[in-house]
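Worth knowing before you read on, the calculation uses all heavy atoms, side chains too, and leaves out hydrogens, waters and symmetry mates. Order of the sequence lines sets the chain letters (A, B, ...), proteins ahead of strands, with each chain counted from 1.
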There are 2 protein chains.
Amino acid sequence: MPSEPQAATPYAVGDTAGPPAQRYGHRPTMKDVAARAGVGLKTVSRVVNGEPGVTADTAERVQTAITALGFRRNDSARILRKGRTASVGLVLEDIADPFYSSLSRAIEEVSRLHGSLLFTGSSDEDPEREEQLALAFCARRVDGLVIVPAAGADHRYLEPEIRAGIATVFIDRPPLGLDADTVLTANAAGARAGTAHLISQGHRRIAFLGDSPDIHTAAERARGYREAMAEAGLPVHDSWVAMGPTAPERVEAALAAALSGPHAATALFCGNNRVTVAAVRQLRALDRQVALVGFDDLEFADLLSPGLTVVAQDPAGIGRTAAQLLFARLDGHTGPGRRIELPARLVMRGSGEIPPA
Amino acid sequence: MPSEPQAATPYAVGDTAGPPAQRYGHRPTMKDVAARAGVGLKTVSRVVNGEPGVTADTAERVQTAITALGFRRNDSARILRKGRTASVGLVLEDIADPFYSSLSRAIEEVSRLHGSLLFTGSSDEDPEREEQLALAFCARRVDGLVIVPAAGADHRYLEPEIRAGIATVFIDRPPLGLDADTVLTANAAGARAGTAHLISQGHRRIAFLGDSPDIHTAAERARGYREAMAEAGLPVHDSWVAMGPTAPERVEAALAAALSGPHAATALFCGNNRVTVAAVRQLRALDRQVALVGFDDLEFADLLSPGLTVVAQDPAGIGRTAAQLLFARLDGHTGPGRRIELPARLVMRGSGEIPPA
DNA sequence: TATGGACTGGACAACGTTGTCAGAGATGAG
DNA sequence: CTCATCTCTGACAACGTTGTCCAGTCCATA
């Protein structure tokens, strides 16, 4: 079984001793192709790139040599020479999260249309790792960056990069200390709509369980919740609001607190999909039917009983929009950062329509 | 709004006219740093790479110049010189599919420990796109490739690449026409176990709904199903087996066929998660309680009623194992391709334990 | 036959980095 | 004081590609 060494410095080219390029069992270069075809180096380049100025006859000789040697153009060298890398870096929280993987896919699609490849890295909500990843991408001279900011990250570290021309778009959460293109969901409005929906079903005591308030989306959703409550003239009891890490045990504790005591809530607004999943599991375990609206849609939401009422985001839309902003900059657009908010959509499936007990 | 041009050639560096490197608002190079610090070029290189042989005093002058100019080493050039790129390419079917995104995350983690960055691309089950992506990664001189073969792809196109030293690992499905490291789930065994479980619950007429038989995993799972049936001495009626595209409408039709007529099946084995989701939805719509076992676990499987019995794969394990094989090769391991099969696990949650009607 | 133009092919420098090697000072021994 | 040794530094070539530019060839025309 392979071993598992610690990386000295993550994201740095490993320091192999000895002469360079040794580990490749010799890669033929254009020079080799030229020698074999009996033509000049530049002629090979022309053939490879489909440039005009080569006789059909010569071109064919070159082609033959290329396939015979198994030549493949070295894009590293090409990149070095041309200055554009046709690649984009994507830093997000966790590619295994369906929300981010949908988003990633949308970015990939748009990138493909523009001929770009995609580097992806997960920050795990760690600002240091976000920075390492983003800067490693910059060192590779990606043309652009798409970043889901980690909680608490200060993005001024990107200033030299952006000045140097790396197009940068932030998604899901705004950057800190920087003006840049940003694509967000209308988190507060969505949460307000979700909460208002519960109120319209007759609920007066509604709990909010969300992620840490230093995560922008979590804070915004909490704000929307409070606004909706205030708008309806409803008080918010301390025991109803829990914000912090979303590990299932934490959610269970928060849920137990919210649903007990003299001020027991009759409905639940869950700040993200992890909370929703944990809460639904816990309610199932407790065998309690409590009204619930979650932020973020889930694949099986319609198959639960009752179906899960959610405030759905549009991850693919966010990704697509972000990528479009990015490539617009790469195509020459300049100007101050644009901020686009995509609406969230209330999807009623039953759990949010349970009346107060 | 940004425009959406068609890419001339996907994954090729865009042809910008004019002198190269123009779009960067000048990136300082080591030469610039050297000039500013009043030292030689190589000294800057030494400082940047932490090589010995530089006085603390000189090093500090260089550091100052670096931060003043916002210098960042150009890894493209470094790569060109050193020959190793510290990057890995991952080609899979669809990064938005939770199975593949978990897998991707695991590969990313191992890569990070080895100091490598990850290129990701989705083939959408199109062999041509798979090849385009893989070769584009090779042109960037990734050190290694991890590939989920698209249905019907012939992988001999990779021979020159592998000969040239690009470590290659196939996952989820074996390569065609090539000997290489491969990490698979024990698909047939898993499907056999799942089917046998239904049989042990008293079912005699069990349907199999799966993906196209030219997808290796689908074929293997079908084989496992047939083996289990044969082992129990049970016939397999034609109307029970449907293999093909997994769009919901197709699944609905197949399911209707399997559950009707004189040979109506009493239980269902679903060949992958997309089929399972479609089938569960359809059964719900028809309001029928039919025994069901699915291949692949689903996030909410325990929250359905009844809970979903599945044959669970271990995507993270597959990804981790594949990445370990890959880096073992990069660390010098040679020899013929290794083939590792990871077991699938039967998880009983209720839907597979419904008795025959 | 000479001349011009169109076309083809190749020599050369450059992209930004790193490996090699040799030079410049400083230090110590004889 | 000289020579050897050691430490630090920098000049230079090379990685594989592409842009520039010039030289040669071929044909048609004056």
Side-chain angles (χ1 to χ4, degrees), chain A residues 12-24 26-35 37-62 66 69 71-86 139-141 164, chain B residues 12-24 26-35 37-59 61-62 69 71-86 139-141 164:
Chain A
V13 172
D15 276 305
T16 32
Q22 191 193 323
R23 63 155 297 95
Y24 292 116
H26 188 61
R27 267 300 208 188
T29 70
M30 286 192 178
K31 205 167 120 191
D32 301 322
V33 174
V39 301
L41 178 56
K42 186 62 221 251
T43 302
V44 177
S45 171
R46 275 195 270 262
V47 172
V48 170
N49 295 297
E51 289 170 29
V54 183
T55 359
D57 181 51
T58 313
E60 188 173 326
R61 263 206 340 280
V62 172
I66 286 178
L69 294 174
F71 165 81
R72 187 98 52 210
R73 184 177 63 198
N74 184 332
D75 275 353
S76 282
R78 180 171 219 242
I79 282 163
L80 178 61
R81 185 65 233 259
K82 300 204 80 147
R84 273 189 90 147
T85 62
R140 302 295 176 104
R141 294 294 185 270
Chain B
V13 172
D15 277 303
T16 33
Q22 191 192 323
R23 61 156 296 96
Y24 293 114
H26 188 60
R27 268 294 207 190
T29 70
M30 287 193 177
K31 204 167 124 193
D32 301 323
V33 174
V39 301
L41 178 54
K42 185 64 221 251
T43 301
V44 176
S45 171
R46 275 195 271 263
V47 171
V48 169
N49 295 296
E51 289 170 29
V54 182
T55 354
D57 182 51
T58 313
R61 267 209 334 281
V62 172
L69 294 174
F71 166 80
R72 186 100 50 210
R73 183 178 64 198
N74 183 333
D75 275 353
S76 282
R78 180 170 219 243
I79 283 164
L80 178 60
R81 188 62 235 260
K82 299 204 81 147
R84 272 189 91 147
T85 61
R140 304 293 177 105
R141 293 295 186 270

What's the verdict on side chain to side chain contact (heavy atoms under 4.5 Å, CB included) for B:Asn74 and B:Arg27, showing C-alpha distance, side-chain angles and the deciding distance?
-> CA-CA 9 Å; B:Asn74 183 333; B:Arg27 268 294 207 190; over 6 Å; no
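Residue B:Val54 is in sugar-phosphate contact alone, with no base atom involved, counting any heavy-atom pair closer than 4.0 Å across all strands shown. Counting non-hydrogen atoms under 4.0 angstrom, B:Val39 reaches the backbone sugars and phosphates but no base.
For the pair B:Asn49 CG and C:dT17 C1', the computed distance is 9 Å after rounding to whole Å. What separates CZ of A:Arg73 from P of D:dT17 is a distance of 9 Å, to the nearest Å. A straight line from CE of A:Met30 to P of D:dC15 spans 15 Å, rounded to a whole angstrom. Between the CZ atom of A:Arg84 and the P atom of D:dG19 there is a distance of 14 Å, rounded to whole Å. Spacing between atom CZ of A:Arg141 and atom C1' of D:dT17 amounts to 18 Å, rounded to whole angstrom units. A straight line from CG of A:Asp57 to P of D:dC26 spans 13 Å, rounded to a whole angstrom. Going from atom CZ of B:Arg27 over to atom C1' of C:dT17 covers 15 Å, rounded to whole Å. When rounded to the nearest whole Å, the span between CD1 of B:Ile79 and P of D:dA14 equals 22 Å.
Of the side-chain N and O atoms in A:Ser76, none sit less than 4.0 angstrom from OP1 or OP2 of D:dC15. At the phosphate of C:dG10, OP1 or OP2 sits under 4.0 Å from a side-chain N or O atom of A:Thr43. Under 4.0 angstrom from either OP1 or OP2 of C:dC15 there lies no side-chain N or O belonging to B:Asn74. Taking 4.0 angstrom as the limit, A:Ser45 places a side-chain polar atom (N or O) nearer than this to OP1 or OP2 of D:dT18. Distances shown here put a side-chain N or O of B:Thr58 below 4.0 Å from the OP1 or OP2 atom of D:dT9.
At least one donor-acceptor pair under 3.5 Å links the side chain of B:Thr85 to the backbone N or O of B:Arg141.
Atom CD of A:Glu51 sits in a crowded spot, with more than 12 heavy atoms from other residues, nucleotides or ligands closer than 6.0 Å.
Closest to the side chain of B:Leu80, out of D:dT9, D:dC15, D:dT17, is D:dC15. Nearest nucleotide to the A:Glu51 side chain, out of D:dT17, D:dG19, C:dG9: D:dG19. Residue A:Phe71 has its side chain nearest to D:dT17 when only D:dT17, C:dT18, D:dT18 are considered.
Between B:Gly38 and A:Arg72, the residue anchored nearer the 5' end of DNA chain D, judged by the nucleotide with its closest heavy atom, is B:Gly38.
You'll find a donor-acceptor pair under 3.5 Å spanning the side chain of B:Lys42 and the base of C:dG19, going by distance alone. One can find a donor-acceptor pair under 3.5 Å joining the base of C:dG10 and the side-chain atoms of A:Arg46. Residue side chain B:Arg81 reaches the base of C:dT18 through a donor-acceptor N/O pair under 3.5 Å, judged by distance alone.
Using a 4.5 Å heavy-atom cutoff, the side chains of B:Val44 and B:Lys31 are not in contact. Side-chain contact between B:Met30 and B:Asp32 is absent, with no heavy atoms from C-beta onward closer than 4.5 Å. Between A:Arg140 and B:Arg78 there is no side-chain heavy-atom pair separated by less than 4.5 Å.
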